[in-house]
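Accompanying notes for the structure given below.
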Amino acid sequence: MDPVTADNVVAGLARRVAAGDVDLVPVQQVLARGLGRPVHVAPGLVYVDSIGGADGCLWAEDATEAAAVLSRCPRPAMVEVTGRAAAEAVARSFPGSSEPQEHLVCAYLCAAPPPVTGALEMRPLTPDHADLVIARYSHPEYFSREEVVRRLAAGTIDGGYLDGELVGFIGMHAEGSMGMLEVFPGWRRRGVALALEAAKVSAGLAAGHVPWAQVFPENRASIALQRRLGMAFGTCYQAFIACGGPA
């Protein structure tokens, strides 16, 4: 039997994701992409903090063990949790945190990109597009202008163009999930959303990543879009918890 080391745990997570375990994609991808600081990596318990500056990602199978780890950590702004034990540990460790906001996790686990073709041209948007992104995004309250500018400067928000006209955009959140998908009025119900996300999935595959997304259960249109793209959905409890730490 292999010794229990952080590297072996990470390799084990990668094997489980490759075998179809969608629920472990968030923590596995945060580790694989180096998007935060691994605080604790062990069988059944991984905590990564400093994601996007002050967020965390927790997968835990035992609430008491996880709470002991969190008790030694700075209070994060927000934690994405996988498993009810993880949610319980956050509530114990950071009193006054928000009620968990449950969501679904889906991932593209196929080797080949989605078979979506069309005339949509993708280009990274620049910080000069900050005001446009804020004005067009359905949830501008989620991000400060400074955060939007940082994401644009990092090249993580791509615009889709048809005949030279910007018709929508799609981004990537700090933990690596696809999001910020917007199609401008006049271009909706024409396959633009499908083409935008298909392009983002293809770019993720080309970079060696597992493309993934978070969807709120009531967003039926987004769920339908993910299924059309061939995204697989997890079944485990997943949630965001705002902890009130520094933004």
Side-chain angles (χ1 to χ4, degrees), residues 22-23 25-30 32-33 35-36 48 51-57 77-82 100-108 114 116 120 122-125 129-130 132-160 166-184 188 192-205 207 209-234 238-242 247:
V22 174
D23 291 307
V25 167
V27 68
Q28 188 270 329
Q29 282 295 291
V30 164
R33 303 186 197 188
L35 297 176
V48 182
I51 300 169
D55 291 341
C57 180
M78 185 274 291
V79 179
E80 178 173 351
V81 298
T82 296
Q101 187 175 25
E102 293 185 48
H103 60 271
L104 306 174
V105 165
C106 56
Y108 191 84
V116 177
L120 193 72
M122 298 293 289
R123 304 179 206 160
L125 299 183
H129 294 95
L132 180 146
V133 169
I134 292 168
R136 296 285 191 173
Y137 186 40
S138 300
H139 296 284
E141 71 278 7
Y142 286 177
F143 310 112
S144 66
R145 190 178 193 281
E146 292 73 19
E147 175 62 19
V148 171
V149 170
R150 282 197 299 270
R151 295 189 182 199
L152 287 164
T156 62
I157 303 177
D158 299 311
L166 181 63
V167 298
F169 57 79
I170 185 170
M172 187 173 69
H173 296 301
E175 75 285 351
S177 66
M178 299 180 294
M180 300 182 72
L181 174 59
E182 295 290 341
V183 177
F184 300 163
R188 294 169 184 164
V192 173
L194 187 71
L196 282 167
E197 189 166 346
K200 200 71 167 174
V201 167
S202 297
L205 290 175
H209 300 154
V210 175
W212 66 287
Q214 301 141 327
V215 184
F216 291 118
E218 64 274 12
N219 193 341
R220 296 181 179 179
S222 182
I223 291 172
L225 174 65
Q226 310 313 317
R227 295 197 186 283
R228 284 183 66 193
L229 277 166
M231 302 278 275
F233 280 80
Q238 307 270 359
F240 302 114
I241 303 176

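Bear in mind the structure is a predicted one, so any value in this text is a computation, not a measurement. Residues: numbered from 1 along the sequence shown.
Under the 6.0 Å distance and 45° angle rule, Arg151 counts as a cation-pi partner of Phe143.
The shortest side-chain heavy-atom distance between Glu147 and Tyr142 does not fall under the 4.5 Å cut-off. For the pair Val22 and Met231, the minimum side-chain heavy-atom distance is 4.5 Å or more. Looking only at side-chain heavy atoms (C-beta outward), Gln226 and Glu197 come within less than 4.5 Å of each other. Within the 4.5 Å cutoff, no side-chain heavy atoms of Thr82 are placed close to those of Val27. Between Cys57 and Ile51, the closest side-chain pair of non-hydrogen atoms falls below 4.5 Å. Side-chain contact between Glu80 and Val30 is absent, with no heavy-atom pair separated by less than 4.5 Å. Between Val167 and Val183, every side-chain heavy-atom pair lies at or beyond the 4.5 Å cut-off. Leu166 is not listed as a side-chain neighbour of Arg123, based on a closest heavy-atom distance of 4.5 Å or more.
Interatomic distance, SG of Cys106 versus CD of Gln238, reported as 10.5 Å (0.5 Å rounding). We find the CG-CG distance between Leu229 and Leu194 to be 5.0 Å, quoted to the nearest 0.5 Å. Here CG of Asp23 is found 10.0 Å from CG of Leu104. Values are rounded to the nearest 0.5 Å. Expressed to the nearest 0.5 Å, how far CZ of Arg220 lies from CD1 of Ile223 amounts to 8.5 Å. Atoms CE and CD, on Met78 and Gln101 in that order, are 9.5 Å from each other to the nearest 0.5 Å. Here Glu218 contributes atom CD and Glu102 contributes atom CD; the two are 10.5 Å apart, rounded to the nearest 0.5 Å.
Between Phe169 and Phe184, the ring planes are perpendicular. Angles over 60° get that label, and only those under 30° would be called parallel. Between Tyr137 and His139, the angle of the ring planes goes over 60°, which puts this pair in the perpendicular group of the 30/60° scheme.
Looking at every heavy atom in both residues, Ala239 comes nearest to Pro100 through CB-CB, 3.8 Å. Scanning all heavy atoms of the two residues, the minimum distance from Glu182 to Leu196 falls at O-CD1, 3.8 Å. Across Gly159 and Leu125, no two heavy atoms sit closer than the pair N-CG, 3.6 Å. Annotation for Asp55 and Ala77: closest pair OD1-CB, 3.4 Å, computed over non-hydrogen atoms. Residues Ala174 and Leu35 approach most closely at O-CD1, 3.7 Å, considering heavy atoms.
Considering only residues two or more places apart in sequence or on other chains, Ala32 meets the side chain to side chain contact (heavy atoms under 4.5 Å, CB included) condition with Gln28, Gln29. Annotation: side chain to side chain contact (heavy atoms under 4.5 Å, CB included) contacts of Ala195 (sequence neighbours excluded): Leu120. When the side chain to side chain contact (heavy atoms under 4.5 Å, CB included) test is applied to Ser177, the partners found at least two apart in sequence or on another chain are His173, Glu175, Trp212, Gln214.
Side chain of Arg33 to main chain of Gly176: a donor-acceptor pair is present (N/O by atom type, distance under 3.5 Å, no hydrogens or angles).
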